[in-house]
Amino acid sequence: MKSKKQKFFLFSKLFLLVILLGVVLLFIFRNLLLESAITKIDTKLNREYQCRFLVKSAKFDGLTNLEFEKITLVPKQADTLINIERLKTSVNFWQLLTGTIQLGKLEINQGFIQLVKNKKGRNFDAFLKHKTNGSASDEINYAKVAYRILSKTLNLIPTNMNVQGFEFRINDMDNKVVFDFKKLSLSNKKLTSLINVKTSNFTQDWSLTGIADPRERKADLKFFNPKNDSIRVPYLEDKFHLKTSFKTIRFNMENMDMSGGELHLDGYTSIDNLKINHAKIAKNDVLIKNARFDYRLVFGARFIAVDSTSQVQINFIKCSPYIAYTNDKDKIYALKLNIPKMGAQDFITSLPDGLFSHFKGMEAKGNFSYNLNFEFNKSKPNNVIFESKLQPENLKITKYGEADLNKINSEFTYRAIDKGIEQRPIVVGTSNPNFTPLDEISPYLQKCVLTSEDPSFFQHRGFISEAFKQSIAKNIKTKKFSRGASTISMQLIKNVFLTREKTLSRKLEEILLVYILENNRIATKERMLEVYFNIIEWGPNIYGIGEASHFYFQKNPSDLNLKECLFLATIIPKPKGFMGRFDANQNLKSFAIQQDNFLTRLMLRRNLISPNDTIGYSLPLTISGSAQFFLKHKAQNPIEIDSTSVEDFSF
């Protein structure tokens, strides 16, 4: 009878013998197994992606080293996706037995990967098709999926690599870019490279160097131009008319940890001298000298988030963002932003060059802090949370830049911009006979315009939070910018101090200038409303209420009745198209009458007018001024007349 100890040793010997026999058999039949594996890969790719995977020759060199010649991946009836002349690699045998593939070394000589889009389609379309395994998308565990993808990707990065003469090509409808890897080497965790970039417009050398340790999940890489010049970003300029360049980019990943059901990624990325130019951003180059993002990304079972311990820094501006997407019972999008107390002047000098041109030369004293809280629940779109709070501390503008807000308190010349063309000058002041002081404008008109454009004008400080909430909700639901939240203060800043260009730059400047105008009490609300009434467009080449009241009714602004004021208030959004509110008999159409009635009921409900004010309300609106010409012309030819053809009707 054998003892337990003897049985254990016997079992161990048998186990080692089986392993040894397996290794011997694997060594003997390794090339046959390799050919079988290639055939299976080709069959699967042909069946699932309509691609042929071909290898001219493949063999083992020893037990773990593999050598390949002429590897190609060719989609059906499309351009070749991958072509590699020679490839050598190695895999860890024991990990291979457990199903985990980690590349030890990699050598590639000559070859390319190319992404092609032409009239026939794209040569990579088959790989973009979404494949489901029968489970609902809402059952995906984000942490596990992200960890699995990142782990497999990092395992496929070799610990030693030498790539020469390998190209990555993009051909998007003849918009071509070639990234030629003249050298890409990873040895003892040190990465060095030389990449030649070719486009139809320029040729440039790039370099990527630093520390890369795929097994320890760490990296510290620097991306730059070896000639100490700026890197031009290809493809975007030809494809999207977006010119982008930068001096250096640095990427650091310090930690990748999966514990407690959550995946945490920590590190930072920074960029120097980022330059951007696009017509939708600003009319000039936008330059960010220094920017850094210290990130902590968190993936949970049902959420993805940029943790609030992350920090974004642009020049001297530092802020802590929290960005989250939760897909549990409801889909919730959240954004929180906190700028701790900082000097106002540091903030002004840190603004990106070219993005805030009207702030150039501005000086300020004091400090401020800022908090933003936004949350959108897709199942409850009308319950948007939007809280924006700026806390000033002895904040004061001591010197204005290009936008001198003080000019609003004195006589100045205003020139509207229409389709990029400056219109005739309008003097806002008593030297202009059409200028109308606020107390000489019909109270009906003031009430009608305020009710339709900005009911809380005399109470708010430039912005209406509820209007922002409603605007955000509708824009998200419609997936387009279909509703704004503009106040009279914002319209005034946009018209008097800024251009009418539709750019991100102009919108950001508008928000900041409105805050300064309103919260520094630079002008009274009455003066702001007076200027507004005297500059806004009220018809083709008609600016200000003085011109408008004569153009439509041959009256002074003080003599306008309720019916006339309702008409003037409702054409403000589209003043040049006022003719569309009338039929062939010069009577208001039903939709225009309905708008007037709605506005009247609203003012009655708010006690802005009384029933006595509506006496004679049922009488038809009569256009008696020069505007009749447009109504008659419309009846003959219903094409809107351009404002440049009506100089005779200006005042």
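One-based numbering along the sequence shown. Both backbone and side-chain heavy atoms feed into the values below; hydrogens, waters and symmetry mates do not. Every value quoted in this text rests on a predicted model; they were computed, and no experiment measured them.
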- Message: Looking at every non-hydrogen atom in both residues, tell me the closest pair between Ile348 and Glu363 and how far apart they are.
- Response: CD1-C, 4.4 Å
- Query: For Tyr414 and Ile535, which heavy atoms make the closest approach, and how far apart are they?
  - Reply: CE2-O, 3.5 Å
- Task: Using modelled atom types only, decide if a donor and an acceptor are shared between the side chain of Glu440 and the backbone of Thr436 within a distance under 3.5 Å.
- Result: no
- Item | Residues Thr622, Phe553; criterion side-chain contact (heavy atoms from CB on, under 4.5 Å); working and verdict | CA-CA 8 Å; Thr622 301; Phe553 307 114; over 6 Å; no
- Message: Would you say Ser626 and Tyr552 are linked by a side-chain donor-acceptor pair, where the criterion is simply a distance under 3.5 Å?
- Response: no
- Is the backbone of Val428 close enough, under 3.5 Å, to the side chain of Asn432 for a donor and an acceptor to pair up by distance? no
- Item | Considering all heavy atoms, the nearest Thr451-Arg606 contact | CG2-NH1, 3.8 Å
- Side-chain donor-acceptor pair present, Tyr532, Gln491, cut-off under 3.5 Å: yes
- His358 side-chain N/O to Leu498 backbone N/O, donor-acceptor pair under 3.5 Å: no
- Message: Looking only at the aromatic ring of each residue, does the gap between the centers of Phe435 and Phe533 stay below 6.0 angstrom?
- Response: no
- Query: What are the two closest non-hydrogen atoms of Ser442 and Cys565, and how far apart are they?
  - Reply: OG-SG, 3.8 Å
- Query: Do Lys336 and Glu375 sit within salt-bridge range, that is, some charged N less than 4.0 Å from a carboxylate O?
  - Reply: no
- Item | Side-chain H-bond candidate by donor/acceptor type, Tyr444 with Asn561, under 3.5 Å | no
- Message: Within the 3.5 Å criterion, strictly below it, is a donor on Thr199 or Tyr235 matched to an acceptor on the partner's side chain?
- Response: no
- With a 4.5 Å limit on heavy-atom distance, are the side chains of Leu619 and Lys563 in contact? no
- Task: Could you pull out the closest heavy-atom pair between Ile545 and Leu445, with the gap in Å?
- Result: CD1-CD2, 3.3 Å
- Message: Is any side-chain heavy atom of Ile572 closer than 4.5 Å to one of Trp538?
- Response: yes
- Item | Close side-chain approach of Leu529 to Leu450, heavy-atom, < 4.5 Å | yes
- Note on the structure: Residue pairs passing the salt bridge (charged side-chain N to carboxylate O under 4.0 Å, His left out) test with at least one member in residues 526-535, sequence neighbours excluded, are Arg527-Glu530
- Non-hydrogen side-chain atoms of Phe591 and Arg581 separated by less than 4.5 Å: yes
- Item | Residues forming a salt bridge (Lys or Arg N to Asp or Glu O under 4.0 Å) with Lys239, sequence neighbours excluded | Asp172
- Item | Any side-chain heavy-atom pair of Tyr400 and Leu405 under 4.5 Å | yes
- Item | His278 side chain vs Lys283 backbone, donor-acceptor pair below 3.5 Å | no
- Task: Assess the side chains of Ser379 and Asp330: does a donor N or O sit below 3.5 Å from an acceptor N or O?
- Result: yes
- Message: Measuring from atom CG of Leu512 to atom CG of Leu351, what distance do you get when rounded to the nearest 0.5 angstrom?
- Response: 7.0 Å
- Once you round to the nearest 0.5 Å, how far does CG of Asp454 lie from OG of Ser489? 6.5 Å
- Query: Above 12 or not: heavy atoms from other molecules or residues under 6.0 Å from NZ of Lys525?
  - Reply: yes
- Rounded distance (nearest 0.5 Å) linking atom CD of Glu537 with atom NZ of Lys574: 13.5 Å
- Residues at least two apart in sequence or cross-chain that pass side-chain hydrogen bond (donor to acceptor under 3.5 Å, both in side chains) with Asp285, listed by chain then number, are Asn277
- Other residues, nucleotides, ligands: >12 heavy atoms within 6.0 Å of Lys447 NZ: yes
- Message: Under a 3.5 Å threshold, yes or no: a donor from one side chain and an acceptor from the other, between Asp238 and Asn201?
- Response: yes
- State, yes or no, whether a side-chain contact exists between Asn373 and Tyr322 at a heavy-atom distance under 4.5 Å. no
- Message: Can you tell me how far apart CG (Asn534) and CG (Asn434) are? Round to the nearest 0.5 Å.
- Response: 9.0 Å
- Could you tell me whether Lys555 atom NZ has more than 12 heavy atoms of other residues or ligands within 6.0 Å of it? yes
- Task: Assess the side chains of Tyr617 and Asn597: does a donor N or O sit below 3.5 Å from an acceptor N or O?
- Result: yes
- Message: Strictly distance-based, threshold 3.5 Å: is any side-chain N or O of Asn327 a donor or acceptor partner for the main-chain N or O of Lys331?
- Response: no
- Note on the structure: Tightest non-hydrogen contact, residues Leu372 and Ser388, listed as CD1-CB, 4.2 Å
- Query: For Lys407, does the NZ atom sit with more than 12 other heavy atoms under 6.0 Å from it, leaving out its own atoms?
  - Reply: yes
- Query: Should we say atom CZ of Phe598 is surrounded by more than 12 heavy atoms from elsewhere, each under 6.0 Å from it?
  - Reply: no
- Message: Between Asn556 (side chain only) and Ser558 (backbone N and O only), is there a donor and an acceptor less than 3.5 Å apart?
- Response: no
- Item | Test item: Asp613 side-chain N/O and Ser610 main-chain N/O as donor-acceptor pair under 3.5 Å | yes
- Task: Decide if the gap between the ring center of Phe347 and the ring center of Phe316 is smaller than 6.0 angstrom.
- Result: no
- Ile276 side, atom CD1; Asn284 side, atom CG - distance, nearest 0.5 Å: 14.0 Å
- Message: Working to the nearest 0.5 angstrom, can you tell me the gap between Met603 CE and Ile609 CD1?
- Response: 4.0 Å
- Item | Criterion side-chain contact (heavy atoms from CB on, under 4.5 Å) on His241 and Lys280, from CA distance to verdict | CA-CA 10 Å; His241 307 293; Lys280 294 294 184 181; over 6 Å; no
- Message: Tell me whether Glu509 contacts the main-chain N or O of Ser357 through its side chain, where contact means a donor paired with an acceptor under 3.5 Å.
- Response: yes
- According to the interplanar angle, ranging from 0 to 90°, do the rings of Phe374 and Phe386 count as parallel (below 30°), tilted (30 to 60°) or perpendicular (above 60°)? perpendicular
- Distance flag, aromatic centroids of Phe582 and Phe630, threshold under 6.0 Å: no
- Item | CA sep, side-chain torsions, deciding dist, call: Met342, Phe368, side-chain contact (heavy atoms from CB on, under 4.5 Å) | CA-CA 6 Å; Met342 70 172 299; Phe368 75 93; 3.9 Å; yes
- Can any side-chain N or O of Glu510 pair as donor or acceptor with the backbone N or O of Arg506 at less than 3.5 Å? no
- Query: Under the 3.5 angstrom rule, does the side chain of Ser456 hit a backbone N or O of Gln459 as a donor-acceptor pair?
  - Reply: no
- Query: Is the shortest heavy-atom distance from the side chain of Asn371 to the side chain of Asn338 under 4.5 Å?
  - Reply: yes
- Query: Are side-chain heavy atoms of Phe246 and Ile288 found at a separation under 4.5 Å?
  - Reply: no
- Message: Pairing donors with acceptors under 3.5 angstrom, does anything connect the side chains of Glu411 and Ser431?
- Response: yes
- Message: When you compare the side chains of Asn541 and Arg424, does any donor N or O come within less than 3.5 Å of an acceptor on the partner?
- Response: yes
- Could you check Gln594 against Lys589 for side-chain contact (heavy atoms from CB on, under 4.5 Å), going step by step and ending with a plain yes or no? CA-CA 9 Å; Gln594 289 174 6; Lys589 293 180 179 178; over 6 Å; no
- Test Asp404 against Lys399 for salt bridge (Lys or Arg N to Asp or Glu O under 4.0 Å), laying out the working first. CA-CA 9 Å; Asp404 184 359; Lys399 181 183 177 182; over 6 Å; no
